[in-house]
> 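This structure is in structure tokens; I'll ask about it shortly.
Note that the structure is a prediction, hence the values are computed from the model and not measured.
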2 protein chains.
Amino acid sequence: MKQAHEVFMDYLRDNGLSMTPQRAMIVDAFLSEEGHFTSEELFTKVRQRDPAIGLATVYRTLKLLTDSGLADAFDPGDGVSLYEHNYGHEHHDHLICIVCNRKVEIMDAEIEERQRQLARENGFELQNHRMLLYGICPECDEKGGH
Amino acid sequence: MKQAHEVFMDYLRDNGLSMTPQRAMIVDAFLSEEGHFTSEELFTKVRQRDPAIGLATVYRTLKLLTDSGLADAFDPGDGVSLYEHNYGHEHHDHLICIVCNRKVEIMDAEIEERQRQLARENGFELQNHRMLLYGICPECDEKGGH
DNA sequence: GAAATATTGATTCTCAATTTCAATAAATAT
DNA sequence: ATATTTATTGAAATTGAGAATCAATATTTC
């Protein structure tokens, strides 16, 4: 598999865009993040390396990352987008604790198949989907359930 | 089954709230809407009946409607909440055309069961879920696919 | 009815995300 | 290389949905 960095370079080239020091640094910071993170969290990390980089550039680069297929963005429900790596990672959805906000990655082949089938039954060509399950995690259930 | 209006009255009473002319009118307008609609669309309809009603009151009443179980709110992905009737209506998710924005209500018992199962496997008590399928509808596929 | 409480509409505020714009940098042509 | 065109940047202003504020009004309770 191609390196993530290479995928980004290819995307830039194919779209007539240039690699810049800022983009390189933001992509590096992005790739070194783990799990889910907000644009602000990435911005903070980027700022630690170069305080001159602006928030707008982080947003712009996150869009490039998303469009290039390296990043996946989703809104867990509070209006603040979360980003995560989407290259070399299996597709998954999320199970979210409504108390502590913990997010567990979930995946079910049967659901995925039924989704495709549902779309097909309605004559739709399925492109994408978003599934969020909300519940109370074991730890919070234990603490709160007395 | 209780009338929707009665459900709202009960909710108000149980929460120490009062029925007011504004709430009555907004609830009526809400109940006469079909399908999915935004807060702005409901506001427009309410304004036609009484231009004195403020947008804030529409938002406040939509929250009451949601909390009372009469309305369901969801964000199709663009940050603008859609509302729909949720009383006397079967639960359903949505299949959305990414071209014309058309929304089809979908429901699959197998998916629902697997969702519960997935939550259970992770020790979660499932409270809620949100599933959106994005694709291209037959009409748009026909028009665009040449 | 009087006092306490709730609700209203207008307005302001919030906050993430986008857009604007002049300055700078990069790519391309000469 | 140098000029010219084009793209990118950071700061700041803007956007837009929704929530919060607040004085005025309405409703409920005593």
> CG of A:D75 versus P of D:dA17: gap in Å, rounded?
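Distance check: A:D75 CG to D:dA17 P gives 15 Å.
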
> I need the residues from residues 8-41 of chain B with at least one non-hydrogen atom less than 4.0 Å from DNA chain C; give them sorted by number, or say none.
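Of all residues in residues 8-41 of chain B, the ones placing a heavy atom under 4.0 Å from DNA chain C are B:L17, B:S18, B:T20, B:Q22, B:R23.
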
> Are any side-chain N or O atoms of A:T44 and backbone N or O atoms of A:E40, one a donor and one an acceptor, separated by less than 3.5 Å?
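Flag set: sc A:T44 to bb A:E40 pair under 3.5 Å.
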
> Test for a donor-acceptor pair under 3.5 Å between the base of D:dG18 and the side chain of B:R60, counting only N and O atoms.
no

> Contact class for A:I53 vs. all strands (heavy atom < 4.0 Å): base, sugar-phosphate, or nothing?
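Sugar-phosphate contact only.
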
> Please state how far atom CG in A:L55 lies from atom P in C:dC15, giving the value in whole angstrom units.
14 Å

> My understanding is that only one of B:K103, B:H36, B:E105 makes a side chain to side chain donor-acceptor pair (under 3.5 Å) with B:H94; could you say which?
B:H36

> When you match A:A52 and B:K63 each to their closest nucleotide on DNA chain D, which lands nearer the 5' end?
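Result: A:A52.
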
> Whole angstrom is fine here: how far is it from CG in B:L42 over to P in D:dA17?
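B:L42 atom CG is separated from D:dA17 atom P by 15 Å.
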
> When you measure from the side-chain N and O atoms of B:S81 to the phosphate of D:dG18, is any distance below 4.0 Å, counting only OP1 and OP2?
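It does, given that an N or O in the side chain of B:S81 lies less than 4.0 Å from OP1 or OP2 of D:dG18.
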
> Any donor-acceptor pair under 3.5 Å linking the side chain of A:N15 with the backbone of A:L17?
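Side chain of A:N15 to backbone of A:L17, a donor-acceptor pair under 3.5 Å: no, none is there.
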
> Tell me if a side-chain donor or acceptor on A:D78 pairs with a main-chain N or O of A:V80 at a distance below 3.5 Å.
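The answer is yes, because a donor-acceptor pair under 3.5 Å joins these two groups.
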
> Does the plane of the ring in B:F8 sit parallel, tilted or perpendicular to the ring in B:Y11? Use 30° and 60° as the thresholds.
parallel

> Does B:Q117, at its CD atom, have more than 12 non-hydrogen atoms belonging to other residues, nucleotides or ligands within less than 6.0 Å?
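Atom CD in B:Q117 is packed in, count exceeds 12.
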
> Can you measure B:L64 atom CG to D:dA19 atom C1' for me and round it to whole angstrom units?
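So the CG-C1' distance, B:L64 to D:dA19, works out to 14 Å.
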
> For the residue pair A:H129 and A:D93, confirm or rule out a side-chain donor-acceptor distance under 3.5 Å.
yes

> Would you say a side-chain N or O of A:Y59 is under 4.0 Å from OP1 or OP2 of C:dT18?
no

> Between atom CG in A:D50 and atom C1' in D:dT9, what is the gap in whole Å?
12 Å

> Please report, rounded to the nearest Å, how far the P atom of C:dT8 is from the CZ atom of B:F43.
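Answer to the nearest Å: 14 Å.
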
